[in-house]
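Side chains are part of it too, since the values below use all heavy atoms of this structure and drop only hydrogens, waters and symmetry mates.
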Amino acid sequence: MANRLISEMGLPKSIANIFAARNINTAKEALSLTEFELMELLDIGLADVMSAVAYISEMVCPPWGTALSLLEQRVQNEHLAGHLPTGLNGLDRALCGGIPFGAVTELVGPAGIGKTQLCLKLALLASLPQSYGGLDGHVIYIDVESKFSSRRIIEIGTKSFPEVFYCEGMAQQIAGRIVVLRPGSLSEFTESLQQIKVSLLQHKVKLLIIDSMAALVSGEYDLGTPRRQLLGWHISFIKLMAEFSRIPIVVTNQVRAQVNDEIGHFSFQVPRRGHEIGDEQARLDSHLVAALGINWAHAVSIRLVLEAISGQRFIKISKSPISPPLRFPYVISSSGISFLDDEGVEVSGPEIHGIHCQGHSNIINFDKKYSKS
C-alpha cells in the first residue's frame, strides 16, 4: 500500500501533476515529508497540502473492522477458508478443523520423531475422496531428504481406509495424485518455485509439503548474511503461495543446539538450565531449539512441535492464533500416527516453545520397522 502510485489515486489532476513534477510518485514518498516540507517543495498552500495528505492517507490506510464484522465476513467467505482434517481428533478440534488453508504450518522436532510420518498421512488425506474426509485433490511433495515412501503411504491407507484401498485401482489412483519432487540444492528448489505456483492452480493441487526446509538451506551457507537473505526470500514466497492458492502448506523443520549467544535473546526460547541439571541428556534437551531462526519462526502461522519425554512421543501446539498451547501423546503404528488421548494437556511458560528428546533414541530403535522403504 505504501508503494501505491499517487497518479492512480484519483487526486485532482492539477495536484497530481505537481507531485509528479517534483518526483514524488508514491504514497510513501509523500507521507514521509511533513506538511511544511511539502508546502515548500510543491509550492502550494497549506490547505491544499493538508487536503492532499488526508486523501492519500485515506487511500493507503488498511481497512478496519469490528470483531463482529470480521466474524460476519468470515462466515460469508467460508468457501475461501477451510481446513485439511488430520484424523487426529484432539488436534483437529484445537485447530478448529485441522491444518488451515491459506497458511503455513510447520512441523518441528528431532530426527526420527515422526515428522515425515505425519507428512505422509496428510498427503494421503488430501488425495482421498471427499466422501472419506479427504480433499480429493493432488499433492506436491518436495522430498528433500529422500524420505518419501510410496509403500508406506499405501500401508497407511490400507490400514486406515480399507474400504477405499481394497477397491480395484484406487490405490494406484490415489498414489498417482501425489507428485514428488527431489531438488538437489536450494538453487534447484528456487528455480522450481515459480512452476509450482502455476501448478497449484492448473492441476487441482490441494496440499504442498516441503520436507524439510532446513535441509534445503543447511547445505548452502552457514549462519551468515547470504543464508538469511535467501531464507527471507523463500519465507515471503511460500507465504504468498499459501495465500494466493488458498491451500495448506506444510513445512518440516529440524532442531539444533542453542548456542550461548542466542540464550535469552528471544522471549519464546527456553532459558538455559544446563548448570542446574546434572544429567547430560537433560542438559542437551534444554538447549534444543528450532532451526532456521527467529524470522522463520515469525513467518509460520502454526508451529507443531513433535518431541519425546521419558520415551513417550508428544505433538504440541506451540504456536497458533486460535488454540492454546496443548500437548497430545501419540504413537506410530502401521496405520500411521494416532493419539493415545484426544484431551490435550495445556502447557505454559518455557514448556510452550521448548523441544524435548528424552529417551528419544529408544523409540527410534523401537520404530525401525515403520521407517521408509
Side-chain angles (χ1 to χ4, degrees), residues 82-87 98-107 114-158 160-161 164-165 167-217 234-235 237-253 336-337 371-373:
H83 297 80
L84 168 60
T86 65
I99 306 298
F101 292 2
V104 179
T105 297
E106 177 194 42
L107 311 179
K115 302 186 295 296
T116 297
Q117 295 289 324
L118 183 52
C119 286
L120 293 175
K121 183 171 185 178
L122 294 175
L124 170 65
L125 291 170
S127 59
L128 276 177
Q130 291 182 347
S131 57
Y132 291 93
L135 299 182
D136 197 23
H138 287 77
V139 177
I140 295 179
Y141 195 115
I142 301 177
D143 182 27
V144 179
E145 299 179 284
S146 298
K147 292 182 178 179
F148 179 86
S149 170
S150 298
R151 193 165 77 175
R152 177 62 173 140
I153 283 230
I154 299 300
E155 180 185 30
I156 295 173
T158 302
S160 302
F161 304 96
V164 177
F165 277 77
C167 292
E168 184 176 356
M170 281 301 297
Q172 291 83 352
Q173 179 180 336
I174 291 175
R177 293 178 175 179
I178 303 172
V179 178
V180 181
L181 302 178
R182 285 178 171 154
S185 65
L186 184 60
S187 58
E188 287 184 17
F189 173 64
T190 303
E191 292 173 1
S192 65
L193 278 180
Q194 288 288 356
Q195 297 175 353
I196 291 173
K197 184 178 178 181
V198 174
S199 297
L200 294 181
L201 295 179
Q202 291 182 345
H203 301 293
K204 197 184 174 184
V205 174
K206 296 297 181 72
L207 174 65
L208 171 63
I209 295 174
I210 305 173
D211 183 20
S212 76
M213 192 65 199
L216 270 172
V217 177
H234 287 86
I235 291 171
F237 197 92
I238 291 169
K239 288 190 67 175
L240 178 64
M241 282 200 299
E243 296 167 1
F244 171 76
S245 59
R246 303 303 305 172
I247 67 168
I249 294 183
V250 176
V251 182
T252 67
N253 191 4
I337 286 181
S371 62
K372 84 175 182 73
S373 55

Please assess His234 against Leu186 for the test side-chain contact (heavy atoms from CB on, under 4.5 Å), listing each intermediate value before the final yes or no. CA-CA 10 Å; His234 287 86; Leu186 184 60; 3.7 Å; yes

Take Arg177 and Asp136, measure what salt bridge (charged side-chain N to carboxylate O under 4.0 Å, His left out) needs, and give me the verdict at the end. CA-CA 9 Å; Arg177 293 178 175 179; Asp136 197 23; 2.8 Å; yes

Of all the heavy-atom pairs spanning [X] and [Y], show the shortest one and how long it is.
| X | Y | value |
| --- | --- | --- |
| Val144 | Ala215 | CG1-CB, 3.8 Å |
| Leu120 | Ser149 | CD2-N, 4.2 Å |
| Leu84 | Pro248 | CB-CG, 4.3 Å |
| Ala242 | Ala103 | CB-N, 3.8 Å |
| Ile154 | Phe165 | CD1-CE2, 3.9 Å |

When you look at Thr190 and Phe237, which way does the side-chain contact (heavy atoms from CB on, under 4.5 Å) test go after all the steps? CA-CA 10 Å; Thr190 303; Phe237 197 92; over 6 Å; no

Between [Y] and [X], is there a side-chain heavy-atom distance shorter than 4.5 Å?
| X | Y | result |
| --- | --- | --- |
| Val205 | Ile247 | yes |
| Leu125 | Phe161 | yes |
| Leu207 | Leu135 | no |
| Lys197 | Leu240 | yes |
| Ile142 | Pro183 | yes |

Are the side chain of Ser127 and the backbone N or O of Leu124 linked by a donor-acceptor pair below 3.5 Å? yes

Within the distance-only criterion (no hydrogens, no angle test), does the side chain of Lys121 pair as donor or acceptor with the backbone N or O of Ile337 below 3.5 angstrom? yes

Would you sort out whether Met213 and Ile238 count as a side-chain contact (heavy atoms from CB on, under 4.5 Å), showing the intermediate values? CA-CA 11 Å; Met213 192 65 199; Ile238 291 169; 4.2 Å; yes

[atom1] of [X] to [atom2] of [Y]: how many Å apart, nearest 0.5 Å?
| X | Y | atom1 | atom2 | answer |
| --- | --- | --- | --- | --- |
| Tyr132 | Met170 | OH | CE | 7.5 Å |
| Ile153 | Arg151 | CD1 | CZ | 13.5 Å |
| Phe189 | Ile196 | CZ | CD1 | 5.5 Å |
| Ser199 | Leu193 | OG | CG | 11.0 Å |
| Leu122 | Leu107 | CG | CG | 7.0 Å |
| Leu200 | Lys206 | CG | NZ | 12.0 Å |

Should Leu181 and Ile140 be marked as a side-chain contact (heavy atoms from CB on, under 4.5 Å) after you check the CA-CA gap, both sets of side-chain angles, and the distance that decides it? CA-CA 7 Å; Leu181 302 178; Ile140 295 179; 4.1 Å; yes

Residue pair Glu106 / Asn253, side-chain donor-acceptor N/O under 3.5 Å: yes

